[in-house]
Amino acid sequence: SQYGNNAYIAPNAKIDDGILDICIFKPFPLYRSLGLGLRLFMRNIDKSRYLEIIQGRTIVLKRKNKKVPFHVDGDPVKLVEPVQIDIIPRALEIMVP
């Protein structure tokens, strides 16, 4: 749900619900940048008409426009398409002392 520094891109996402939240920004006018940035910190960016959130347990990603970059966890990546992402519940075991 969080980028870091208290900026929330998917405020309603939960780390343990077994559902992946894909956040897609639609093109927006430059003058909306400040307001959208503020929404990230106010935890209501999901209310913006410029953001679409798609949820699922299995997601297949393909681009219509090859110039649109992919970002994974905020980092740009080059992908061979299509990319299928499957959620595997309880696949990661963590031990805490």
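As the structure is a prediction and not an experimental result, all values here were calculated from the model. In what follows, residues are counted from 1 in the order of the sequence shown.
Considering only heavy atoms from C-beta on, Y50 stays 4.5 Å or farther from I24 through its side chain. Using a 4.5 Å heavy-atom cutoff, the side chains of D46 and N12 are in contact. Within the 4.5 Å cutoff, no side-chain heavy atoms of K47 are placed close to those of M42.
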Working for side-chain contact (heavy atoms from CB on, under 4.5 Å), residues F28 and S33: CA-CA 8 Å; F28 57 88; S33 299; 3.5 Å; yes

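Residue I54 qualifies as enclosed at atom CD1: its count of foreign heavy atoms under 6.0 Å is above 12. Counted within 6.0 Å of NZ on K26, heavy atoms from surrounding residues, nucleotides or ligands total more than 12; the atom is thus considered enclosed.
At least one donor-acceptor pair under 3.5 Å links the side chain of D17 to the backbone N or O of I19. A donor-acceptor contact shorter than 3.5 Å links the side chain of R39 to the backbone of N44.
One distance of note links CD1 of I59 with CD1 of I85; it measures 7.0 Å at 0.5 Å rounding. Taking CD1 from I22 and CG from L61, the interatomic distance works out to 5.5 Å, rounded to the nearest 0.5 Å. Within the model, atoms CG of L20 and CD1 of I53 stand 11.5 Å from one another, a figure rounded to the nearest 0.5 Å. Atom CG of L36 sits about 5.5 Å away from atom CZ of F25, to the nearest 0.5 Å. Between atom CG of residue D21 and atom CD1 of residue I9 there is a gap of 10.5 Å, rounded to the nearest 0.5 Å.
Closest approach of R57 to G18, counting heavy atoms only: CG-O, 3.3 Å.
I87 and I15 fall into different hydrophobic clusters, where Ile, Leu, Val, Met, Phe, Trp and Tyr side chains are chained together by heavy-atom contacts under 4.5 Å.
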